[in-house]
Amino acid sequence: MLMWEGVSEFVAVAEAESFTAAAKSLGISTAQVSRQVSALEARLSTKLFYRTTRKVSVTETGQIYYQQCRQVLDGLEEAERSITNLQLAPKGQLRLTAPVTFGEKTIAPLVNDFVRRYPELDVQMNLTNQKLDLVAGSYDLAVRMGKLEDSSMMARRLSSRTQYVCASPDYLSTYGIPHSLSELGQHNCLQGNLDYWRFQEQGKPRNIRITGNIRCNSGWGLLDAALKGIGIVQLPDYYVQPSLESGQLIPLLTHYQEADDGIWAIYPHNRHLSPKVRMLLDYLSESLQASSQHAV
């Protein structure tokens, strides 16, 4: 006896709440559906449906069994789609959004490479620091940084980013090197949108309030000020990595460095994620993880 016998018929009846409608959707007779479900109930030694002349409803046991069977059937359908779509080149419209700086420096070039590989794609990319409504804007995906808020969206971690506290050799030779978090209060700390920096101390997150004579909502503006010896800055790796490698900036307080943030792709909850979106996600993930292996 095949363990899958009757499962498709059971799921169809559970979803249609009708043996006749289930038979029609499966393209078989109502009698055949009824026989298969009855045989399944006998095999499981349980009642899956309440049957009356007017209505068919799923029992409590049937609901539990349905949830598991639905997942299995979805997995089988996904496996078939994966094979079918394996040789298909992505085409058509693809809409995404990403933060401005990371989008300009990293995401847009990767997407451009992806489009060069698959020229039948029509990509619309919106770089903004606003958290757009993906459903209302008909976006296929968004790239988000850091800790994700609770959301009904699906999320996939593409890579990670590291926050560095650093300063120029000129600044450090003049004002000294801070060795503890408490010493930051004695230094000119260049501020972004927040008046605190994030650290980790003894395995726990800790925020340190900072002050300085420059406050700017541009990471590039803060980086320029740090390179000119004006103060200490905390910025993600994609701003400061080249300057750290060249020695223009020196990393500080590294043993207090916060755990890496996530770089995420989020997308509307959709059991049947389109091949073009899935292939772009795979491409972004592989490319970002490959580049992070060369990070400082």
Side-chain angles (χ1 to χ4, degrees), residues 97-109 127-132 142-149 158-264 288 291-292 294-296:
T97 178
V100 175
T101 299
F102 189 68
E104 290 176 338
K105 181 176 174 57
T106 304
I107 297 300
L127 302 184
T128 175
N129 293 330
Q130 295 181 354
K131 293 185 177 179
L132 303 177
V143 176
R144 298 273 168 86
M145 318 292 288
K147 297 176 177 62
L148 294 179
E149 299 174 355
L158 300 176
S159 187
S160 61
R161 66 172 181 177
T162 304
Q163 295 277 359
Y164 285 98
V165 174
C166 47
S168 71
D170 287 345
Y171 176 89
L172 297 175
S173 65
T174 302
Y175 298 100
I177 299 175
H179 296 287
S180 66
L181 299 182
S182 61
E183 291 179 59
L184 286 175
Q186 305 164 23
H187 286 270
N188 191 36
C189 297
L190 310 174
Q191 299 182 56
N193 291 322
L194 304 175
D195 61 358
Y196 63 87
W197 288 347
R198 303 198 312 264
F199 295 94
Q200 186 167 283
E201 187 173 28
Q202 296 181 344
K204 297 180 179 179
R206 184 177 176 190
N207 294 338
I208 299 295
R209 194 167 297 277
I210 50 98
T211 58
N213 67 350
I214 288 182
R215 184 163 189 160
C216 179
N217 66 350
S218 165
W220 298 118
L222 294 174
L223 174 62
D224 182 72
L227 289 170
K228 291 175 177 175
I230 296 175
I232 301 176
V233 73
Q234 184 181 62
L235 285 170
D237 47 16
Y238 49 85
Y239 284 104
V240 300
Q241 185 174 322
S243 300
L244 292 171
E245 292 175 344
S246 68
Q248 291 177 286
L249 291 177
I250 306 299
L252 306 170
L253 302 169
T254 54
H255 55 294
Y256 294 105
Q257 192 166 283
E258 183 187 38
D260 288 355
D261 282 336
I263 299 174
W264 304 87
L288 290 173
S291 63
S292 69
H294 301 94
V296 175

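As a basis for the values below, the full set of heavy atoms in this structure was taken, side chains included, without hydrogen atoms, waters or symmetry mates.
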TODO: Output all residues satisfying side-chain hydrogen bond (donor to acceptor under 3.5 Å, both in side chains) with Asp224, sequence neighbours left out; order by chain, then residue number.
DONE: Lys228
TODO: Check side-chain contact (heavy atoms from CB on, under 4.5 Å) between Ala98 and all other residues, then give those that pass, not counting sequence neighbours.
DONE: Ile107, Leu127, Val143
Task: Non-neighbouring partners of Arg161 that pass salt bridge (Lys or Arg N to Asp or Glu O under 4.0 Å), sequence neighbours left out - done: Asp261
Task: For Phe199, ring-ring contact (aromatic ring centres under 6.0 Å, His included) partners two or more places apart - done: none
TODO: Mind listing the closest non-hydrogen atom pair of Cys216 and Gly221 along with its distance?
DONE: SG-CA, 4.3 Å
Open item on the list: Are Ile230 and Asn213 packed together at the side-chain level, in the sense that at least one heavy-atom pair is separated by less than 4.5 angstrom?
Closed with: yes
Task: Pairwise distance CD1(Ile208) to CG(Leu181) - rounded to 0.5 angstrom - done: 4.5 Å
Open item on the list: Glu201: which residues meet the salt bridge (Lys or Arg N to Asp or Glu O under 4.0 Å) condition with it, sequence neighbours left out?
Closed with: Arg206
Open item on the list: For the SG atom of Cys189 and the CD1 atom of Ile214, what is their distance to the nearest 0.5 Å?
Closed with: 12.0 Å
Task: Reported CG-to-CG distance for the pair Asp260 and Asp237, which is rounded to 0.5 angstrom - done: 7.5 Å
Task: Heavy-atom closest contact (Leu190 atom, Ala225 atom, distance) - done: CD1-CB, 3.7 Å
- [ ] Sequence neighbours left out, what pairs pass salt bridge (charged side-chain N to carboxylate O under 4.0 Å, His left out) with at least one residue falling in residues 182-196?
- [x] Asp195-Arg209
Open item on the list: Would you say that more than 12 heavy atoms from the other residues, nucleotides or ligands in this model lie under 6.0 Å from the CD of Gln130, or not?
Closed with: no
Task: Shortest non-hydrogen separation from Ser243 to Leu223 and the atoms involved - done: OG-CD1, 4.3 Å
Open item on the list: What's the separation between atom OG1 in Thr97 and atom CG in Leu132, rounded to the nearest 0.5 Å?
Closed with: 4.5 Å
TODO: Find the distance between CG (Leu249) and CG (Leu172) and round it off to the nearest 0.5 Å.
DONE: 9.0 Å
- [ ] Could you pull out the closest heavy-atom pair between Asn188 and Gly212, with the gap in Å?
- [x] OD1-CA, 3.0 Å
- [ ] For Gln202, enumerate each residue passing the side-chain contact (heavy atoms from CB on, under 4.5 Å) test, keeping only those at least two apart in sequence or located in another chain.
- [x] none
- [ ] Scan for side-chain hydrogen bond (donor to acceptor under 3.5 Å, both in side chains) pairs involving residues 165-179, sequence neighbours excluded, and state none if there are none.
- [x] Tyr171-His187
Task: Contacts of type salt bridge (Lys or Arg N to Asp or Glu O under 4.0 Å), residue Arg215, not counting sequence neighbours - done: none
- [ ] Sequence neighbours left out, what passes salt bridge (Lys or Arg N to Asp or Glu O under 4.0 Å) with Lys105? Give chain and number order.
- [x] none
Task: Rounded distance (nearest 0.5 Å) linking atom CE of Met145 with atom CD1 of Ile263 - done: 4.0 Å
- [ ] Please check if the side chain of Gln163 supplies one atom and the backbone of Gln234 the other of a donor-acceptor pair under 3.5 Å.
- [x] no
Task: Minimum-distance pair of heavy atoms, taken over all atoms of Ser180 and Leu253 - done: N-CD2, 3.6 Å
TODO: Might you point out which heavy atoms bring Leu222 and Gly192 nearest each other, and give the distance in Å?
DONE: CD1-CA, 3.8 Å
Open item on the list: Applying ring-ring contact (aromatic ring centres under 6.0 Å, His included) as the test, list every pair that has at least one member in residues 222-257; sequence neighbours left out.
Closed with: Phe102-Tyr238, Trp220-Tyr239
